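Since the model is a prediction, treat every value here as computed from it, not as a measurement. Side chains are part of it too, since the values below use all heavy atoms of this structure and drop only hydrogens, waters and symmetry mates. Reminder, nothing fancy here: chain letters follow the sequence lines and each chain counts from 1.
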Number of protein chains: 2
Amino acid sequence: MAVTYREIKADILGRITRGDWKPGSLIPGELELAETYGAARATVNRAMRELAEDGIIERKRKSGSRVRLSPLRQARFDIPIVRREIEEQGAAYRYALVQSELVAAPDWVRARMGLAPGGKVRHLVCLHFADGAPYQHEDRWINLSVLPQARDADFATAGPNEWLVAQIPFSEAEISIAATAADAALSEHLACALGDPLLQIERSTRWKGQAVTFVRLVHHRGHRMTARY
Amino acid sequence: MAVTYREIKADILGRITRGDWKPGSLIPGELELAETYGAARATVNRAMRELAEDGIIERKRKSGSRVRLSPLRQARFDIPIVRREIEEQGAAYRYALVQSELVAAPDWVRARMGLAPGGKVRHLVCLHFADGAPYQHEDRWINLSVLPQARDADFATAGPNEWLVAQIPFSEAEISIAATAADAALSEHLACALGDPLLQIERSTRWKGQAVTFVRLVHHRGHRMTARY
DNA sequence: TAGTGGTCTAGACCACAGG
DNA sequence: CTGTGGTCTAGACCACTAC
């Protein structure tokens, strides 16, 4: 076979890192590159497209492709289901339902989910353990007007996350990460001191424009999220 | 033009979310889909490839493409340079160098960077302000055996991050996020109370297998990282 | 061994944006 | 108007892997 798009991509990346093509400078057009590498334009196109997706170069019609002045850095974090996350670490997973109620959504939840006043939600508080030690505290709100079947679902044995994935496998979400201090409930559930710094992930999920669920996940003290890029 | 790969991708995604093709089930092969949509196989291929990249489906030669049982959730966070991050919020950026020294790397830094004993590093402590308020505390270590020019560089007016991007524009990095408590120095620099929970990002950067720099970025109280997926 | 995805080619037309 | 990237096609061969 002729030259692969991977080889072309690697070679172009090499020229950039080596300094042959400096940040801000123009890269030859696809046609010229195709000749250089003795490949079809489609092959060069794929290499260049991926470099653009990787944030290495910037492409514009007519003006051509340029090396980004400062490379666009983006990290990808996997957001696994807690049970998987724990089991993949080789630990035993245990789940516990702490609280369950059907209520009108409090104002701060309504604001986060974009619900109408008086909207009914199912509110759940759960704990996830790894080898018996508290791993994650889950505070979840499910919009009953979108998922009425959540009213009667039983969350005593399996976490709501896994139930939700079965109900609405594909959805859009907004996720935000912050640090929070352990309050009385958290310090008790996560077996840490009052005021301990904890990593908190909030996620609100939408489906067809409707808010499905809002969840606040607080991890045990010392938890890290890691990624490479 | 005939059917676009975007239309095909959207249609397939629709069938999946609509439940026509359930999680775990087999999707028709590329050839069959190409006939169905009246498109070339390459077009269908691109649609399917992107669905696989998005974590919606799983592809295997010979056995075909399946809808993922639980969709692979991954969030992409942009990791901008602090100055940009602040200016894009419409705030005025200010930078201050707090401390600068040339030292042998302490053990914990050597461990993180994978340096040999006695390795010299440049250690910098900096502050980044948004509209006069402390925004981020930066504790940085630069490997002088890889970047000897860091010995004499002047970090009084511009942050080391921007200097580094100019020196080594493209590199690999490992990033980890955690919550930490404000110690005496942090509480003073970030104008918060002792023990306040703060979001901490650690990043170690490599270039050609060599550790270039390790940095610990601690954000002001209440900072959030946000992403959609 | 056969079926499915992975990739390349050569050619074509289109869309956008600089001049 | 013109150049560059964006995309589609029809056909081909290859690579992996289940059977």
Positions of residues 27-48 of chain A (non-hydrogen atom under 4.0 Å from DNA chain C), listed by number: A/Gly38, A/Ala39, A/Ala40, A/Arg41, A/Ala42, A/Thr43, A/Arg46
Ring pair (Phe, Tyr, Trp, His ring centres under 6.0 Å) against A/Tyr37, all qualifying residues, sequence neighbours excluded: none
Identify whether the distance between the nearest side-chain nitrogen and carboxylate oxygen of A/Glu30 and A/Arg41 falls below 4.0 Å. yes
Can you sort out which residues in residues 57-67 of chain A have a heavy atom within less than 4.0 Å of DNA chain C? Ascending by number, please. A/Arg61, A/Lys62
Side-chain (B/Asn143) to main-chain (B/Thr213) donor-acceptor, under 3.5 angstrom: no
Does the ring pair (Phe, Tyr, Trp, His ring centres under 6.0 Å) test come out yes or no for B/Tyr95 and B/Phe129, once each step is laid out? CA-CA 6 Å; B/Tyr95 162 81; B/Phe129 298 86; 9.1 Å; no
B/Ser176 side chain to A/Arg224 side chain, donor-acceptor N/O pair below 3.5 angstrom: yes
Relative to each other, are the rings of B/His128 and B/Tyr93 parallel, tilted or perpendicular (30° and 60° limits)? parallel
Side-chain (A/Gln210) to main-chain (A/Trp207) donor-acceptor, under 3.5 angstrom: no
Which of parallel (below 30°), tilted (30 to 60°) and perpendicular (above 60°) describes B/His219 and B/His223? parallel
From CD of B/Glu50 across to P of C/dT7 the rounded distance in Å is 13 Å
